[in-house]
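Structure first, then comments.
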Amino acid sequence: MKAIVATEQAAGTAGMKLVHRPEPQAAINDVVVQVHASRFIPTELAWPSSWADRLDRDRTPSIPGHELAGVVSALGYGTTGLSVGQRVFGLADWYRDGALAEYVAIEARNLAPLPGDVDFTVGASLPISGLTAWQGLFQHGRLQAGQSVLAHGAAGAVGSMVTQLARAAGAYVIGSGRAADRQTVLDLGANEFVDLDNDALEDIGEVDLVFDVIGGDIQKRSTGLIRAGGTLVSIIGPAEAQPSNGLAIDFVVEADRAQLSEIVQRVRDGRLRTNIGNVSTLDDAVAALNSTERRKGNTIIRVRP
């Protein structure tokens, strides 16, 4: 099968190559998915799991890309809940080869059914950003209707999901970003927008939850806005500052079939939209992922037409 491999950490995306690899086999509780679309995020190449397995053994050249949508082509021994020919989407294990390939072997529990009216390209854009937003807001942040949320990077892949999901849950949402993002963030449903370059962050007053994708000085200043009993949720590692009377939580997103199903249902009924930018073929993926142009939206690799 065709696959994109990452060859060495120091080379980054410049070390990616299109190669031929044997098709993967389904282990116990696995399925093999014929990949139709996948997504790669450059930060993957900074994760130790992209280069070594759980026992810290080198596993290069590794296949990156952990978000996927496709069709189940084989079942491993003991696999239940999915069937051959079923449309699925989900999140591949960090320590195993990913989905920038024609086929991927993946634990069945990491996948959810992809309804027939949702395009594979859309399905591949949802898992990391959708699950990160969902888990940060509801699982770790325990967001309730009527509370207020400061969503940093609200026009980005994760931030746009945070903004939409929080607003749909009945929260008052303040989105932050650069001046050029203002209308995008308001169109996503934010009640207010904060231009981090020109507006005074402190002017927004107290909030119940800060969802941080930035860190540094912005995070430190944001902790002072969290009211008693509130929460700072960070997805960039342990918080550098603690709210004086609240919680600071950092987490790594996990695959969850039920949550994926909730997310895709919101896409189907129009409550949630994803931001897809460039769509490339697998043959052109290396060039697309090494582009020097600043692109808005998710880059999706369409593996099958």
Pairs where residues 191-216 contributes a residue and the test ring-ring contact (aromatic ring centres under 6.0 Å, His included) is met, not counting sequence neighbours: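 Residue pairs with at least one partner in residues 191-216: there are none.
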
Sequence neighbours excluded - ring-ring contact (aromatic ring centres under 6.0 Å, His included) pairs with any residue from residues 258-282: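 Qualifying pairs: none.
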
State, with a plain yes or no, whether a side-chain heavy atom of [X] is found less than 4.5 Å away from one of [Y].
{"X": "His20", "Y": "Met1", "result": "no"}
{"X": "Leu91", "Y": "Glu67", "result": "yes"}
{"X": "Ile236", "Y": "Ile214", "result": "no"}
{"X": "Arg57", "Y": "Arg59", "result": "no"}
{"X": "Val173", "Y": "Gln164", "result": "no"}
{"X": "Thr13", "Y": "Phe40", "result": "yes"}
{"X": "Leu225", "Y": "Glu206", "result": "no"}
{"X": "Leu18", "Y": "Asp283", "result": "yes"}

Suppose we screen for side chain to side chain donor-acceptor pair (under 3.5 Å). Which residues come up paired with [X], at least two apart in sequence or across chains?
{"X": "Thr281", "value": "Asp284"}
{"X": "Ser73", "value": "none"}
{"X": "Ser222", "value": "His152"}
{"X": "Ser148", "value": "Asp208, Arg227"}

Any pair with a residue in [range] that passes salt bridge (Lys or Arg N to Asp or Glu O under 4.0 Å), sequence neighbours left out, goes on the list, sorted by first then second residue, please.
{"range": "residues 7-27", "answer": "Arg21-Asp97"}
{"range": "residues 86-95", "answer": "Arg54-Asp93"}
{"range": "residues 113-134", "answer": "Asp117-Arg268, Asp119-Arg302"}

Under 3.5 Å, is there a donor-acceptor pair between the side chain of [X] and the main chain of [Y]?
{"X": "Asn278", "Y": "Thr299", "result": "no"}
{"X": "Thr132", "Y": "Ser129", "result": "no"}
{"X": "Asn298", "Y": "Asn275", "result": "yes"}

Nearest heavy-atom pair of [X] and [Y]: which atoms, and what distance?
{"X": "Ala108", "Y": "Leu82", "result": "O-CD1, 3.8 Å"}
{"X": "Asn110", "Y": "Ala255", "result": "OD1-CB, 3.6 Å"}
{"X": "Leu45", "Y": "Trp51", "result": "O-NE1, 3.0 Å"}
{"X": "Val185", "Y": "Gly175", "result": "CG1-CA, 3.9 Å"}
{"X": "Pro64", "Y": "Met16", "result": "CG-CE, 3.7 Å"}
{"X": "Ala101", "Y": "Ile63", "result": "CB-CG2, 4.2 Å"}

Crowding at [atom1], [X] (>12 non-hydrogen neighbours, <6.0 Å):
{"X": "Asp58", "atom1": "CG", "value": "yes"}
{"X": "Gln25", "atom1": "CD", "value": "no"}
{"X": "Arg109", "atom1": "CZ", "value": "no"}
{"X": "Arg142", "atom1": "CZ", "value": "no"}

Give the C-alpha distance, both sets of side-chain angles, the deciding distance and a yes or no for side chain to side chain contact (heavy atoms under 4.5 Å, CB included) between Ile41 and Glu44. CA-CA 6 Å; Ile41 53 176; Glu44 281 185 37; 3.9 Å; yes

[atom1]-[atom2] distance between [X] and [Y], expressed to the nearest 0.5 angstrom:
{"X": "Glu192", "Y": "Ile174", "atom1": "CD", "atom2": "CD1", "result": "4.5 Å"}
{"X": "Asp199", "Y": "Ser176", "atom1": "CG", "atom2": "OG", "result": "10.0 Å"}
{"X": "Gln135", "Y": "Asp256", "atom1": "CD", "atom2": "CG", "result": "6.5 Å"}
{"X": "Asp187", "Y": "Ser160", "atom1": "CG", "atom2": "OG", "result": "12.5 Å"}
{"X": "Ile300", "Y": "Thr274", "atom1": "CD1", "atom2": "OG1", "result": "7.0 Å"}
{"X": "His66", "Y": "Leu100", "atom1": "NE2", "atom2": "CG", "result": "8.5 Å"}

Give the intermediate values and the outcome of side chain to side chain contact (heavy atoms under 4.5 Å, CB included) for residues Gln147 and Leu209. CA-CA 8 Å; Gln147 292 185 323; Leu209 189 152; 5.9 Å; no

Linked, directly or transitively: Leu289 and Trp47 (ILVMFWY side chains, under 4.5 Å): no

Are Val279 and Leu126 in one and the same hydrophobic cluster, where Ile, Leu, Val, Met, Phe, Trp and Tyr link if side-chain heavy atoms are under 4.5 Å apart?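 Yes, one cluster joins them.
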
Under 3.5 Å, side-chain donor or acceptor atoms of residues 238-254 against the rest of the protein: list the pairs with distances, not counting sequence neighbours.
unit_1: Glu240; atom_1: OE2; unit_2: Gly216; atom_2: N; d: 3.2

If the test is ring-ring contact (aromatic ring centres under 6.0 Å, His included), which one of Tyr103, Phe89, Phe120 qualifies with His36? Phe120

Residue pair Ile4, Val286: steps toward the side chain to side chain contact (heavy atoms under 4.5 Å, CB included) verdict: CA-CA 8 Å; Ile4 302 293; Val286 172; 3.7 Å; yes

ILVMFWY clustering at 4.5 Å (side-chain atoms), partners of Leu188: none

So, using side chain to side chain contact (heavy atoms under 4.5 Å, CB included) as the criterion, who are the partners of Ile28 when residues are at least two apart? Tyr77

Test side chain to side chain contact (heavy atoms under 4.5 Å, CB included) on Leu137 and Val162; report intermediate values, then the result. CA-CA 7 Å; Leu137 288 172; Val162 171; 4.0 Å; yes

